[in-house]
Structures are given as C-alpha cells and as structure tokens.
Amino acid sequence: HAANWLVLNSDLDGDGDIGWGLPFPWDAGGDGTINPENTEYAIQTAIGVQALLDVYDAGKKAGSDEDLSGFLTSATGATETFLNGRFEEDDTGVIFWYSTRPEDSYHVINSGAMLAGQLQRLSRYPVANQSTFSEWADRCVLYILARQKQDADGNPYWMYYDGRCPRSLTQNRPNDLLHEVYTLQGLFDYRIYGGRYGNSIDSKAMLSTLNRFFNGSKLYDLSVGYPYTSNWQPEARRWARVWSAGYALNFAVRLESYLNEPPIMSTMLATALVQNYRKDGQWLLRPDDNKTRFYPRQMAFVLNGLAFYEFAGQAPLTGRIDGHAIGNETPFDERPLFPFTHYLSAARYLNSSRLLRLDENGNPVADYGNAYDKAGLRYNPYFTANYALALYRDYLSTGNDTFKEQFYRQVKWFLDHKTTREYRGLEFWTWRYDFDNLVFGAHAPWISSLAQGNALCVFLAAYDLT
C-alpha cells in the first residue's frame, strides 16, 4: 500500500517530473529562495526509489500475483528526472542538484551518493537503458570519491558541500551522522550492485568511520575532533538525533553482515539508543534536550534500525524499555565472550549449510556423503560448538528457556564425547575427528585446534549461565 501511494503521488507538484519531496515550502539552501511544496529533492527521490525496489524484490520473492511493473516504471522515471539536466559536471564526474530547482544546484555529496547507489541498483532490473543508469552512477561515484577526505586515523569522510554551495554559508563542515550514513549507504549500494568502480570503495573503512561520532559511549551528531568554528561549537557538543542513530544502526548491521564482521559497531549503536534515548516511556529526540514529541519519520528510522539489529541475529539489546528487560541485564559487551560468539541465530546457522541437520538428541550432525572417503554422517565438534554458541546468544537476546535447554544439550554432547589425555601430570580433554582429512594430512583420530578453542568457548558460556 505504501509503495502504491508513492506511485500514485509521484508528481504532487504537477510539473510533469516524477519524484518526491516535502509537503511544505522550504528554503533548502538557506539562501532566501523558497521552494514550493512538493518540489522534487534528490534525497527524498533516492529513498523513494529505494523503497519501490525493496517492495518489488519482496513481491517477487513472495511470488505475488500483483503486477509489480509499476514500481519499476516509477523508479525509472524518478531517476530520469535528475538525469534530465539536473546535474553539474567537471573533469572528475557529475553531481546531481539538491532539488530540481536551478536555485538548488548545489554540490551536496550525500544526496548525490544515495541517488548514484539507486541508479546502479536500477541497472540490474528489467528496465530500458540499463547501461545508461550504470554509466551515470559511475560518473557520480567518481565525483564523490575524488572528494573523499581522511582523518588522522585514516577514516574516510566527506564534507556536506563540496563544490558549489550557498553564498550565505559561514562554514562548510563534514557531514553530520545522518548525512554521512546517507553517503556511505549510497556508495555501499553502488558497490554491492556491481558498480564498475566498486573496488575503489573500502567497505571496512566505511564501517570504522562511524567511530568518528563516538566519544566513549556518547554518540555525537557531528564528528568528534574536527576544528569547528565557534558558531558550530555548541552543536558539536550535542548528542546525535534519534533518527540518525537508528539509520546508522541499520547501515552498520547491513555492512557487518556483508563483511562477516562481529557486531561491534551495531552493538555500540543499539546500546546507545536503548540506554540513552528513552524517558518516561517516550523516545527522546536527543538525550540532552528532553524533547519527547513523537515524530513518525524519526521513529520509523529507529524501528528500522532496531528491527534489522534483532532479526539479523546480531548481539542482543541490553537495558530496559518501559520497565521490561531487553536482553540480559548485563550489557553484552561486558559479558566474557563478547564479541566471540557466533553472530547468526541458531536456526540461521543450521540453514547456512546444506551439510547440517539435527539428530534425535538435538545435536548437529554433518552429512559429508562421498566426501572424505565416503565419510557420510559424522559429528564435527567445530559445528557443534558454533551451534551451541548461537543458542547461547539466542537465549541472552530472548530469555527463552528453550534456547538455554538446547544449549545445555550441546554441552552434554561435549562431556559425553571427550577423550581424556595427560601431559606431565596434567589432565585435559580433547574432541577427535573420526574420519581422515587428507587435505591437511590428518588421519583419524585427529584434533583441531580451532574446534578445541570453540569448545572452550562453549564451556565459558556454560559457566556464564550458572
């Protein structure tokens, strides 16, 4: 229904251009020129295109009987609105105007990046002129990469304006948290959808650059350590806005999953949200202003971030909301196994490999078939340990005793299948593989240091729960 609304309301100002904006007049550049209501803006249009493509994907995946082609038609038309002369060009590439109005032909990095990401994504769908969309995305990304800055730690960042900007601007500054994530999101989408220059985008550096907005556990709206002028100093000391934190959390989860990184940044963001942005049952715009007025747009960003965090199987939230415990009372980053537990839920871990199934006791068993000299069904202590640690994380995030019971079944398996050895009077346990792995020259029974280490983590987790 929401996607259909976007299609039906894709030209609310009646100028013949498809796109989306704001339902009120606005001086976008602070330059004294007022845009009429529903003027098409690059950032709102990019987010609208992203939404239409997300719904198109979801409909296809669900096997929907509805005609979804209208979503692609509107997405295509919206991007073409800005390809039709609403851009500036130099020898490094192109940058799209902030809005369709010539008065807003400013070089705004974050909205250009978001639009470039959706152009590259759209080039992968069954639409006309696919290569054209990809070429425009390439040109815009080259412009943005040419203007990338680095802080003292080597973290990339971008200024809000880089090129043409309003004459009334007193100081150009780096992006605040929300607009930096818009920039990173656009570049990330460009990379994962096969942009020609995607290898020039350092995904790990994009994740680490979010640290620029933290000082201890406080999340700032403006990056820490930049030499802001005196008129920006008060703003530089403020907490991030709640919707900025929510959107950053969404992006961090996606990027950590893509990189197969432990959920360190997403846990920092989620913990900051839950522990600092609530008062008397209401969400705060910022922890330092006590404003609890409800803004649907801002809460949508928060919900989006928290949902991605929880349903992606990341580390559990901690703290309390409205008196109800969220996860375990001990912050996860203070627990003994942080961040070394498996980041997938137990169910997702089992489904991640066609080899794995559960036996009659609820322990994972691998079906190797003809591999490893027709090994067939075998227990693998490494897989069992991973499954146990995923159950441990599931229990901490939900408090569901079923996960705890299943976790202890894996502990029992390790106790029942240990082999006791002795070295210089010291007794220790091992878990042996009962099939040959000639790739490593390992003949049964052999021992894996990786499996031994994971088994040790399982017993640490069991100790943590006692």
Side-chain angles (χ1 to χ4, degrees), residues 47 50 54 110 113-114 117 151 153-158 174-193 198 201-224 239-277 283 286-287 298-319 326-327 331-333 338-345 348 393 396-397:
I47 294 173
Q50 182 183 38
D54 283 350
N110 71 85
M114 281 289 286
D151 67 7
D153 296 321
N155 295 312
Y157 71 93
W158 285 265
N175 281 322
D176 57 81
L177 177 60
L178 179 67
H179 294 99
E180 191 75 319
V181 177
Y182 280 155
T183 304
L184 299 174
Q185 178 72 68
L187 293 174
F188 178 64
D189 284 344
Y190 173 81
R191 178 185 171 96
I192 65 174
Y193 287 105
I201 298 169
D202 188 338
S203 300
K204 286 192 174 182
M206 289 199 295
L207 186 62
S208 68
T209 200
L210 295 178
N211 283 305
R212 297 168 40 244
F213 296 92
F214 272 104
N215 187 4
S217 60
K218 182 175 178 179
L219 180 63
Y220 287 80
D221 211 32
L222 299 180
S223 57
V224 177
W239 283 81
R241 293 164 293 176
V242 67
W243 62 321
S244 304
Y247 192 62
L249 174 58
N250 171 283
F251 175 71
V253 171
R254 291 185 64 201
L255 194 52
E256 286 168 344
S257 298
Y258 173 77
L259 295 170
N260 199 23
E261 290 283 321
I264 298 174
M265 177 54 65
S266 59
T267 297
M268 290 170 61
L269 289 162
T271 302
L273 267 172
V274 171
Q275 292 185 348
N276 300 297
Y277 284 82
W283 286 95
R286 303 179 198 245
Q298 294 170 7
M299 291 304 100
F301 274 75
V302 172
L303 179 61
N304 187 255
L306 294 176
F308 260 67
Y309 184 73
E310 285 293 273
F311 292 110
Q314 302 286 47
L317 294 177
T318 60
I326 301 298
F332 196 78
D333 56 3
F338 176 82
F340 303 110
T341 58
H342 209 284
Y343 68 92
L344 292 175
S345 68
R348 289 183 66 194
R393 185 183 287 276
L396 291 181
S397 64

### Message
Before you tell me yes or no, could you show the steps for M265 and L269 under side chain to side chain contact (heavy atoms under 4.5 Å, CB included), namely the whole-Å CA-CA distance, both residues' side-chain angles and the distance that decides it to 0.1 Å?
### Response
CA-CA 6 Å; M265 177 54 65; L269 289 162; 4.0 Å; yes
### Message
Working to the nearest 0.5 angstrom, can you tell me the gap between M299 CE and L306 CG?
### Response
9.5 Å
### Message
Measuring from atom CD of Q185 to atom CG of L178, what distance do you get when rounded to the nearest 0.5 angstrom?
### Response
11.0 Å
### Query
After noting the C-alpha distance and the side-chain angles of E180 and N110, does the key distance pass the side chain to side chain contact (heavy atoms under 4.5 Å, CB included) rule?
CA-CA 7 Å; E180 191 75 319; N110 71 85; over 6 Å; no
Which atom of [X] lies closest to which atom of [Y], heavy atoms considered:
X	Y	value
V242	V302	CG2-CG2, 3.4 Å
R286	A240	CG-O, 4.0 Å
A272	S217	CB-O, 4.4 Å
S266	L249	O-CD1, 3.3 Å
P263	E256	CA-OE1, 3.3 Å

### Task
Measure from the ring center of F188 to the ring center of Y258 and say whether it is less than 6.0 Å.
yes
### Task
Output every pair passing salt bridge (charged side-chain N to carboxylate O under 4.0 Å, His left out) with a member in residues 182-192, not counting sequence neighbours, ordered by first then second residue.
D189-R254
What residues, two or more places apart in sequence or in another chain, satisfy side chain to side chain contact (heavy atoms under 4.5 Å, CB included) together with [X]?
X	answer
P156	Q148, W158, A205, T209
D151	D153, N155, Y157, R212
L259	S203, K204, L207, L255, E261

Side-chain contact, heavy-atom cut-off 4.5 Å: [X] with [Y]?
X	Y	answer
V224	F214	no
L222	N175	no
Y220	L177	no
L273	L219	no

### Message
Please enumerate all residues that pass ring-ring contact (aromatic ring centres under 6.0 Å, His included) together with Y182, with sequence neighbours excluded.
### Response
H179, Y247
### Task
Under the ring-ring contact (aromatic ring centres under 6.0 Å, His included) rule, collect the residues that match up with F213, sequence neighbours excluded.
none
### Message
Is it the case that the side chains of D176 and S244 hold a donor-acceptor pair, with the cut-off being a distance below 3.5 Å and no angle test?
### Response
no
### Task
Can you spot which of Y277, F301, W283 makes a ring-ring contact (aromatic ring centres under 6.0 Å, His included) with W243?
F301
